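These notes are about the structure you will find just below.
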Number of protein chains: 2
Amino acid sequence: MVLSTVTKYGKKILEIVSSSHSHMTAEEIFDVLRQTYPTVVLATVYNNLNRLWQDDLIRKVSVEGMPDRYDRIQRHDHLVCKQCGRLLDIDLGDLTKQLEKKAGLSILSYDLKLTYLCEDCKKKIERNGA
Amino acid sequence: MVLSTVTKYGKKILEIVSSSHSHMTAEEIFDVLRQTYPTVVLATVYNNLNRLWQDDLIRKVSVEGMPDRYDRIQRHDHLVCKQCGRLLDIDLGDLTKQLEKKAGLSILSYDLKLTYLCEDCKKKIERNGA
DNA sequence: AATAAAATTAGAATGATTCTAAAAAATAAT
DNA sequence: ATTATTTTTTAGAATCATTCTAATTTTATT
C-alpha cells in the first residue's frame, strides 16, 4: 500500500488542478472533467482528490465558510480578503528552513495565509463608513 | 454599525473561546455554554461566533475535512498532523512585519500552519511499513 | 411608554462531503 | 489467457456543519 497508482480520472484531475491557478472547488473540477468524460460522477472526483492529496500531489486550501479548494503543489502562499473571501496567490519565498529551525522539528509542508482587505472591499467600507 | 455590542451569550462565548487552548468546535462551545444557559440554541452559538470573528475578537481555524474550530485571538501558530489531523499550538514569533515587507502590502493578520507527522502517527506508519 | 433595532429561537433548508453496496475495471497469480 | 484479487467507479442515500427564515424576545432609543 505505497503510493497509489494514478488512474485515468486521477491523472486528468491532477492535470486540471496542476495547471490551474484558480483554486478550484471539487464542483468546478467536476465540470471541467465532464467535458472529457461526460459520464463521470462527483464522488469519483472526491475520491481522486483525496487520493491525490494523501499522496502529496495536490494541495487543499480551506477558507472558512467556503468549500475546500484544490491547488497545485508548487510552493506559494495565499492572500485572503477578510471581507469577500477572495483568494489570491502570492509568493513569499520558501520559509521551510527558517520555520523548522524555530519549531525545532521537521515539517512536511506549511501553509501561510495572509488576511487583508482587497481594494474593492476597502472602497466599499469607506463608502458605508467604517 | 461600528463594533457590535457584546451580548450576554456573546460575552460568555468569548470567555469560553479565549480561555481555551483546545480549538473548540461550535458544538463543543455549545456544550459548555449550556452548562450556564441550558436553554440556549446552537444557532445562537453560530451567530455569536460569526459576530465575534467579524469583530476580530476570536480566530477561526479550518483544518481540511473538519468542522471549523475557534481560537483565542492571541498570536500563535499551529501544528497539524497530516495523518490524524491533531492540532497543536506552537509559537514561532510575530512575523507580521517581515511578511508585510515581502508582500508589499499591509495585512490584518496571518495564519501559519505547519504540517508534520506526530509521534504516534510516525510510529504507526513504521509498524505498517511505509 | 412607544418605537426601533438587534438578538434569540425553532426548525427547516442547504450544501459539501462521505458512505454503502453493487458493478466495472485493472492487476496479479495461476 | 482464465481466474482470482484488489482497486476504482457508480448511484444514490446519508451525514454533518452551517445558514436561513420568520416569528418572538430582548435591548436600546426617542
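Naming convention: chains lettered A, B, ... in sequence-line order (proteins, then strands); numbering from 1 in each chain. All values below come from the heavy atoms of this structure, side chains included, with hydrogens, waters and symmetry mates left out. All values derive from a computational prediction rather than experimental measurement.
Listed candidates were dT8(C), dT17(C), dA17(D). Nearest to the side chain of Y46(B) is dA17(D). When distances are taken from the side chain of T7(A) to each of dT18(C), dT8(D), dT8(C), the shortest belongs to dT8(D). Set against dT9(C), dT8(C), dT18(C), the side chain of N50(A) has dT18(C) as its closest nucleotide. Side-chain proximity of R51(A) to the nucleotides dA17(D), dT9(C), dT9(D) is greatest for dT9(D). Side-chain proximity of Y9(A) to dA16(C), dT10(D), dT18(D): nearest is dT10(D). Candidate nucleotides dT18(D), dT9(D), dT17(C) were compared by shortest atom distance to the side chain of N48(A), and dT9(D) ranks first.
Each of A43(B) and N47(A) lies near DNA chain D, and the nucleotide nearest N47(A) is the one positioned closer to the 5' end.
Atom CZ of R86(A) is surrounded by 12 or fewer heavy atoms from other residues, nucleotides or ligands within 6.0 Å.
As a whole-Å value, the separation of R69(B) CZ from dA17(D) P is 10 Å. Rounded to whole Å, the distance from CZ on F30(A) to P on dT9(D) is 13 Å. Between the CD1 atom of I29(B) and the P atom of dT18(D) there is a distance of 10 Å, rounded to whole Å. The CG atom of L14(A) sits 15 Å away from the P atom of dT8(D) (whole-angstrom rounding). Between M66(B) atom CE and dT18(C) atom P there is a gap of 11 Å when expressed in whole angstrom units. Taking atom CG of residue L42(A) and atom P of nucleotide dT17(C), one finds them 9 Å apart after rounding to whole Å. Between L49(B) atom CG and dA17(D) atom C1' the separation is 13 Å, expressed in whole Å. Taking atom CG of residue L52(A) and atom P of nucleotide dT8(D), one finds them 11 Å apart after rounding to whole Å.
No donor-acceptor contact under 3.5 angstrom links the side chains of R51(A) and Y46(A), judged on distance only. Side-chain contact of H23(A) with D89(A): a donor-acceptor pair under 3.5 Å is present, judged by distance alone.
For dT17(C), the OP1/OP2 oxygens have no side-chain nitrogen or oxygen of Y70(A) closer than 4.0 Å.
Ring centers of H78(B) and H76(B): under 6.0 Å apart, within the cut-off.
Hydrophobic clustering (ILVMFWY, side-chain heavy atoms < 4.5 Å, transitive): L95(A) and L108(A) are in distinct clusters.
Counting any heavy atom pair closer than 4.0 Å across all strands shown, T25(B) reaches no nucleic acid atom.
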